[in-house]
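Start at 1 and go down the list; that is how both ligands and their atoms are numbered.
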Amino acid sequence: MSFAELGLSKPITESLDALGYTKPTPIQAKSVPVILEGKDVLAAAQTGTGKTAAFVLPLLEQLRMQKPSQNKEVKALIVTPTRELAAQIDANIKAYAKNLRIRHQVIFGGVSAKNQIRQLIPGCELLTATPGRLLDLCSQGMLDLSKVQTLVLDEADRMLDMGFIHDIRRLLKLLPAKRQNLLFSATFAGEIRRLAQTLLNQPVEITVDRENQTARKVDQFYTLVDNNDKTGLLKQLVIENKWQQVLVFTRTKHGANRLTQRLERANINAAAIHGNKSQNARVNALNGFKDGRIEVLVATDIAARGLDIKQLPQIVNFDLPNIPEDYVHRIGRTGRAGQSGTAYSLVSEEQLPLLNDIEKFISSPINELNVAGFSASFSRKSAQSAKKSQPNRRHHAPRRNRPRKAAPAKS
Ligand code: AMP
């Protein structure tokens, strides 16, 4: 199956050739024809499956023969939870639309609105936005959404997690009733279903097989390690394996900053990326990481979500995530688009229950990796027998490690 057979025209397929895309990914093969027919879509696909092109390519095909938008108008609107994702989607649009006369813009918070407003005044065909800045500019009268033909909600599950549901409902009131809706989400969990029911009109449901998801292409290891030894172990892994580019996940923003400082003290070029960093600091860190100036990027889950870093060879879970699904998202940063990758988890004693939950969730055991010079003061067996002999002991991680409802994030 080729891109042309999916119904995409030459100017678009030529731009894909230039990018080295030889054939559609499964999510693209399933989504493009359905979207071109004008149907609503509910698609389960994670970052790394090629989902951005799955909705952008048919949008471009629909837009390419249409009259340009007028004053402040928009024809297709992509809403996505984070600034990084918005910037990445727009960068993809730029590459896919390079042979087309389609105006595309991106708006997100954390930077001055002035330039964004100036660019929106003549109107644009395709707008990518985070919810906060989008509503802000609408309420200032800087945007006219009354001509929107297609709405895409990207990473909808994460938008709900981040508390954007009210923003989404406010947004829906600003759109014309008759429009095409595309909802992309990593899962179809309860709340997503409810949103889908109110938003979508007889949607076509699209899922891609597990085989096509990134988790299968990633070699996964864990090492048992005492908390005090974690930084030393990470330093050793980076130095001994001569890692040039590794994404490291910590549970908290504070933990990300602290680890970054410790790595820098060991002459490892590191930077942290999280919600408390300014937009400029985040972009600089990401660019430094992409062009090789920064070897270790330390990130929290929300900041790392959706980062498109090509062929990331390895990731490290400095802390295991509280939610097993986040583990799958994290390791989705490596082994992308056919490349293989490795994920290492540094597991302290109180995180053992999380390791068990993750193995259950991915229905597969993770291999243990022993690293010379680092032997933990506990084992999985000793932890289990301790649990049996103290039936009333909490099975969960300490309170600070248990899932928290994410605070609404600013966009
Ligand atoms: P996404 O899931 O949209 O974040 O895409 C993941 C990565 O796959 C991005 O770097 C895309 O440029 C790349 N990609 C998307 N579609 C294809 C394709 N058909 N062939 C090769 N790479 C692709």
Check this for me - ligand 1, Gly50, N or O atoms closer than 3.5 angstrom, yes or no? yes
Judging by distance only, is a nitrogen or oxygen of Tyr96 under 3.5 angstrom from one on ligand 1? no
No-hydrogen, no-angle side-chain donor-acceptor test under 3.5 Å, Asp40 and Asn181: yes
Between Gln314 and Gln245: side-chain donor-acceptor atoms closer than 3.5 Å: no
Region of Phe3 engaging ligand 1 - heavy atom pairs below 4.0 Å: side chain
Checking heavy atoms under 4.0 Å, the part of Gln28 that sits near ligand 1 is side chain
I'd like to know whether ligand 1 has Lys23 as a neighbour, heavy-atom separation below 4.0 Å. yes
List in chain and number order the residues that pass salt bridge (charged side-chain N to carboxylate O under 4.0 Å, His left out) with Arg293, two or more places apart in sequence or in another chain; answer none if no residue qualifies. Asp291
Counterpart residues, side-chain contact (heavy atoms from CB on, under 4.5 Å), relative to Asn284 (two or more places apart): none
Assert yes or no for the condition that the ring centre distance of Phe249 to Phe318 is strictly below 6.0 Å. no
